[in-house]
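Report on the following structure.
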Amino acid sequence: MSDSIFIRSHDKMIKVNINDILYIEAERNYCKIHCKDKEHLIVSTLKDLEEKLNVKNLMRIHRSFIINMHHIDEIATSHLVIAKKPFR
């Protein structure tokens, strides 16, 4: 199990630490990886990315979202909050 992934950004590959990922959001055939300090848009479905990552602390909570459980700020019966963003 790796603690980082490489993603393509223009003509280079960028290393992204798994612990820096707050959540991943699906946008059709793209995924937006929201990190602590930056966002990365990659060409991949959420299902494909989920299979590639296969990391214990990342959990798919919705058909459009994978979250990093280490960054959860609040859990309620109707939502959870990561980096001040509520997920319902």
Side-chain angles (χ1 to χ4, degrees):
M1 193 172 357
S2 178
D3 60 346
S4 61
I5 59 170
F6 283 90
I7 59 172
R8 184 170 302 283
S9 178
H10 304 290
D11 59 345
K12 57 189 171 194
M13 299 294 281
I14 297 174
K15 184 177 181 179
V16 176
N17 289 323
I18 300 294
N19 291 334
D20 291 342
I21 297 173
L22 300 172
Y23 61 96
I24 303 168
E25 181 178 9
E27 294 182 0
R28 299 184 189 239
N29 289 334
Y30 295 88
C31 284
K32 189 180 286 186
I33 301 174
H34 297 266
C35 295
K36 293 176 181 177
D37 57 351
K38 196 172 183 182
E39 293 179 357
H40 305 279
L41 187 65
I42 61 170
V43 179
S44 177
T45 63
L46 197 61
K47 181 180 179 181
D48 290 342
L49 191 57
E50 181 180 27
E51 290 171 0
K52 287 179 191 172
L53 288 172
N54 191 24
V55 178
K56 193 166 54 172
N57 58 331
L58 296 179
M59 174 188 268
R60 189 163 186 170
I61 60 164
H62 183 271
R63 66 186 186 104
S64 299
F65 291 100
I66 294 175
I67 62 157
N68 188 333
M69 294 188 299
H70 291 288
H71 294 290
I72 296 174
D73 296 323
E74 176 183 317
I75 298 176
T77 55
S78 62
H79 69 279
L80 63 89
V81 177
I82 296 177
K84 300 181 184 175
K85 178 181 170 84
F87 293 86
R88 298 196 182 276

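No path of Ile, Leu, Val, Met, Phe, Trp and Tyr side chains, each step under 4.5 Å between heavy atoms, connects Phe6 with Val43, placing them in separate hydrophobic clusters. Hydrophobic clustering (side-chain heavy atoms under 4.5 Å, transitive across Ile, Leu, Val, Met, Phe, Trp, Tyr) keeps Val81 apart from Leu22. Cluster membership for Ile75 and Ile67, using ILVMFWY side-chain heavy atoms within less than 4.5 angstrom, is shared.
For the atom pair CG of Leu58 and NE2 of His71, the computed distance is 9.0 Å after rounding to the nearest 0.5 Å. Atom CG of Leu80 is separated from atom CE of Met69 by 11.0 Å, given to the nearest 0.5 angstrom. Atom CD1 of Ile33 and atom CG of Leu41 lie 9.0 Å apart (nearest 0.5 Å). Here CD1 of Ile24 is found 4.5 Å from CG of Leu49. Values are rounded to the nearest 0.5 Å. In this structure, NE2 in His34 is found 10.5 Å from CD1 in Ile82, a value given to the nearest 0.5 Å. Atoms CZ and CD1, on Arg8 and Ile14 in that order, are 10.5 Å from each other to the nearest 0.5 Å.
When all heavy atoms are compared, the tightest approach of Cys31 to Ser44 is SG-O, 3.3 Å. Counting all heavy atoms, side chain and backbone alike, Val16 lies closest to His40 at CG2-NE2, 3.9 Å. Here the closest heavy-atom approach between residue Glu50 and residue Ile66 is recorded as CB-CD1, 3.7 Å. Residues Ser4 and Asn17 come closest through the heavy atom pair CB-OD1, 3.7 Å.
In this structure, Lys85 forms a cation-pi arrangement with Phe87, its terminal cationic atom sitting closer than 6.0 Å to the ring centre and no more than 45° off the ring axis.
Qualifying side-chain hydrogen bond (donor to acceptor under 3.5 Å, both in side chains) partners for His62, counting only residues two or more places apart in sequence or in other chains: none.
Side chain of Asn68 to backbone of Ile18: a donor-acceptor contact under 3.5 angstrom is found.
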Evaluate the side chain to side chain contact (heavy atoms under 4.5 Å, CB included) criterion for residues Glu25 and Ser64: first the C-alpha distance (whole Å), next the side-chain angles of each, then the deciding distance (0.1 Å), finally the verdict.
CA-CA 6 Å; Glu25 181 178 9; Ser64 299; 5.5 Å; no

Yes or no on side chain to side chain contact (heavy atoms under 4.5 Å, CB included) for Leu46 and Arg60, after CA distance, side-chain angles and deciding distance?
CA-CA 9 Å; Leu46 197 61; Arg60 189 163 186 170; 3.7 Å; yes

